[in-house]
2 protein chains.
Amino acid sequence: MSSKSSQETQKKLGRPSDKAKRAAIVEAAAHSFFDVGFAATSIEQVAATAGVSKVTIYNQFGDKRALFAAAVELECEKMRGHFTLEAMPAGSIRNRLTVIGEAMFLFLSRPEMIQFERRIAAETVAEPVIGEAFLEAGPWRMKRAFSAFLDHASACGELDVPDSALAAEQFVSMCKGMGDLEQRFGVPVSAQDSAKRIAGAVDVFLAAYSAN
Amino acid sequence: MSSKSSQETQKKLGRPSDKAKRAAIVEAAAHSFFDVGFAATSIEQVAATAGVSKVTIYNQFGDKRALFAAAVELECEKMRGHFTLEAMPAGSIRNRLTVIGEAMFLFLSRPEMIQFERRIAAETVAEPVIGEAFLEAGPWRMKRAFSAFLDHASACGELDVPDSALAAEQFVSMCKGMGDLEQRFGVPVSAQDSAKRIAGAVDVFLAAYSAN
DNA sequence: GTTTAATTGTACGGAACCGTTCATTTTGTC
DNA sequence: GACAAAATGAACGGTTCCGTACAATTAAAC
């Protein structure tokens, strides 16, 4: 303990690990994992794509599962970032619901998101904690935000929502409708169908929860 | 063409293939495929579980993908069988909707069904036709049946549903709510939450589509 | 410049598994 | 019983991939 610095600034001797390489590895790994799945992903291919030696991957992550966990964490972090939900639109409550529904559907319909959900669901079987991490980073977070919006609208007298958590689920579920399922199973969903589902969801939602 | 029978009754010489063994193979394959996935399923393990030689599998199916397709077909056939939707309950329209919602949720919440959906979704990426076969055997079939029920109730003056296809999606989606997602990602769903979702779905549905 | 640690390339051991071949045995039909 | 096709067991070639080992190189910190 001669001239050790405090625990905060751990002095590292020798060559420090290259954080850029680490990022490239996780990025390449995420692409492969969510493209072809965990089992079909080869570490050697990830190393080649990231422009890195295979040994570096094992030095930094130690294990294939650990690399997978890091890739999931990266993607969840991206999701959290994209969930600002800023710029609440003005206009009637009908218009605001419509805009929110469209934004959510657009966000969830992106092919990368569909693919990500497929893989996470599949790997959740072997690693339950991964599924929960995904729910916490995405769906549950979104539910809380939208639920708060409904509570606010209720307090303003624009809606009459007794159970905002339940109502939030109902609205989102109706917006997704069967389109969610169809996309997950490879059938394209037309923009017309989506618009129809969202408009229908707003109609039903307002019929049930309108303030007047 | 000496004493050939008609094309109908193809005479088979020698030992006929054992249909019981074929069924055992597909059954074992389905279990493994939907338990651990396509890539992680070993033909040799399937053969051992089915009590059959590996060569027999290759003789009967020729390929791992073909065996997978047969397993999917078997499971889809089971789904079609379980979709009789008989015994339409009597009582108020509210009661009938509640019973239907509960039955659907129970059917879809079975662990085997969750697992089956996970795997089909994952393999749909490589084989899009499989996803469509699943949709046709299950969700689309159910949607048509429930849609017809809504049309009937409308004709009887019990409901006022302008677009039964849309309304069917809305009701089912609300019944599933977020429970569907949570189950797919490994989080258990309590019976209380399910009952609450179904009751809420009936409330909202009737608020929007009641006849009076 | 020295030290310390990260990175690289190559190679290896070991395992798993697909799909095939072949000789042998079983089993249903004629 | 004779025939023909199916089933079996074992072995093989080929491939892929994980994870490790080792010697050599590079790069930051002192």
Side-chain angles (χ1 to χ4, degrees), chain A residues 1-6 8-29 31-33 35-71 123 126-127, chain B residues 2-5 8-29 31-33 35-71 123 126-127:
Chain A
M1 323 292 189
S2 54
S3 64
K4 272 265 185 78
S5 56
S6 69
E8 279 284 322
T9 61
Q10 284 252 0
K11 295 233 173 183
K12 293 175 185 175
L13 292 174
R15 181 180 176 182
S17 70
D18 193 330
K19 304 300 280 182
K21 282 194 189 304
R22 188 175 223 275
I25 293 170
V26 180
E27 192 72 32
H31 268 101
S32 181
F33 279 137
D35 254 28
V36 302
F38 178 82
T41 289
S42 118
I43 298 269
E44 276 150 10
Q45 183 56 54
V46 170
T49 304
V52 156
S53 168
K54 183 171 68 158
V55 188
T56 302
I57 294 182
Y58 279 97
N59 282 345
Q60 297 227 6
F61 298 91
D63 203 342
K64 193 181 183 183
R65 293 219 73 86
L67 179 58
F68 181 69
E123 304 302 343
E127 205 88 8
Chain B
S2 55
S3 66
K4 273 267 184 76
S5 57
E8 279 282 322
T9 63
Q10 286 251 1
K11 295 233 175 181
K12 294 174 186 174
L13 293 173
R15 178 181 179 182
S17 71
D18 192 333
K19 305 299 281 182
K21 282 194 189 304
R22 188 175 223 274
I25 293 169
V26 180
E27 192 72 32
H31 268 101
S32 181
F33 279 137
D35 254 28
V36 302
F38 178 82
T41 289
S42 119
I43 298 268
E44 277 151 9
Q45 183 56 54
V46 171
T49 304
V52 156
S53 167
K54 182 171 69 161
V55 188
T56 302
I57 294 183
Y58 280 98
N59 282 345
Q60 297 226 10
F61 298 92
D63 203 342
K64 192 180 182 183
R65 294 219 73 85
L67 179 58
F68 181 69
E123 304 302 343
E127 206 88 6

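Hydrogens, waters and symmetry mates are skipped; everything else that's a heavy atom, side chains included, is used. Residue numbers start from 1 in every chain, and the chains themselves are labelled A, B, ... in the order their sequence lines are given, proteins ahead of strands.
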Working to the nearest 0.5 angstrom, can you tell me the gap between B:E123 CD and B:R65 CZ? 6.5 Å
Got a second to check how far A:Y58's OH is from A:S53's OG, nearest 0.5 Å? 11.0 Å
Which pair of non-hydrogen atoms, one from B:A24 and one from B:A50, has the smallest distance, and what is that distance? O-CB, 3.7 Å
Is there a residue in residues 43-54 of chain A whose heavy atoms reach under 4.0 Å of DNA chain D, and which residues are they? A:I43, A:E44, A:K54
Separation of A:F33 atom CZ from D:dC18 atom P, in whole Å? 9 Å
When all nucleic acid strands are considered with a 4.0 Å heavy-atom cut-off, which category describes A:N59: base, sugar-phosphate, or nothing? base
Side chain B:R15 and base D:dA6 donor-acceptor under 3.5 Å: yes
Nearest-Å distance for atom pair CD1/P, residues B:I57 and C:dT20: 13 Å
Nearest whole angstrom, please: distance from the C1' of C:dT29 to the CG of B:L13. 8 Å
Looking at every non-hydrogen atom in both residues, tell me the closest pair between B:V46 and B:I25 and how far apart they are. CG1-O, 4.0 Å
With the side chain counted from C-beta on, respond yes when A:V26 and A:F61 share a heavy-atom pair under 4.5 Å apart, and no when they do not. yes
Check the angle between the aromatic planes of A:F33 and A:F38 and answer parallel, tilted or perpendicular using the 30° and 60° thresholds. parallel
Return the 5'-most residue of the pair A:D63, B:T56 with respect to DNA chain D, ranking by each residue's nearest nucleotide. B:T56
Got a donor-acceptor contact below 3.5 angstrom from the A:T41 side chain to the A:S32 backbone? yes
Starting at CZ of A:R22 and ending at P of C:dT7, how long is that distance when rounded to a whole Å? 10 Å
Can you check the B:K19 NZ to D:dA7 C1' distance for me, whole Å? 15 Å
Could you tell me, to 10°, how much the axis swings from one end of the helix from C:dG1-D:dC30 to C:dC30-D:dG1 to the other, five pairs per end? 20°
Among the nucleotides C:dT8, C:dT7, C:dC17, whichever has the atom closest to the side chain of B:S42 is C:dC17
Between A:S17 and C:dT7, is there a side-chain N or O to OP1/OP2 distance below 4.0 Å? no
Within the pair A:K21 and C:dT8, is there a side-chain N or O less than 4.0 Å away from OP1 or OP2? yes
Paired with B:V52, the side chain to side chain contact (heavy atoms under 4.5 Å, CB included) test is passed by just one of B:Q60, B:R22, B:K21, namely B:K21
Show the nearest heavy-atom pair for residues A:A39 and B:A39, with the distance to one decimal. CB-CB, 4.2 Å
Starting at atom CZ of B:F61, determine the distance to atom P of D:dA6, rounded to an integer number of angstrom. 14 Å
Whole-Å distance separating the OH atom of A:Y58 from the C1' atom of D:dC17: 8 Å
Nucleotide C:dC18, atom C1' - distance to CG of B:L67 in whole Å: 13 Å
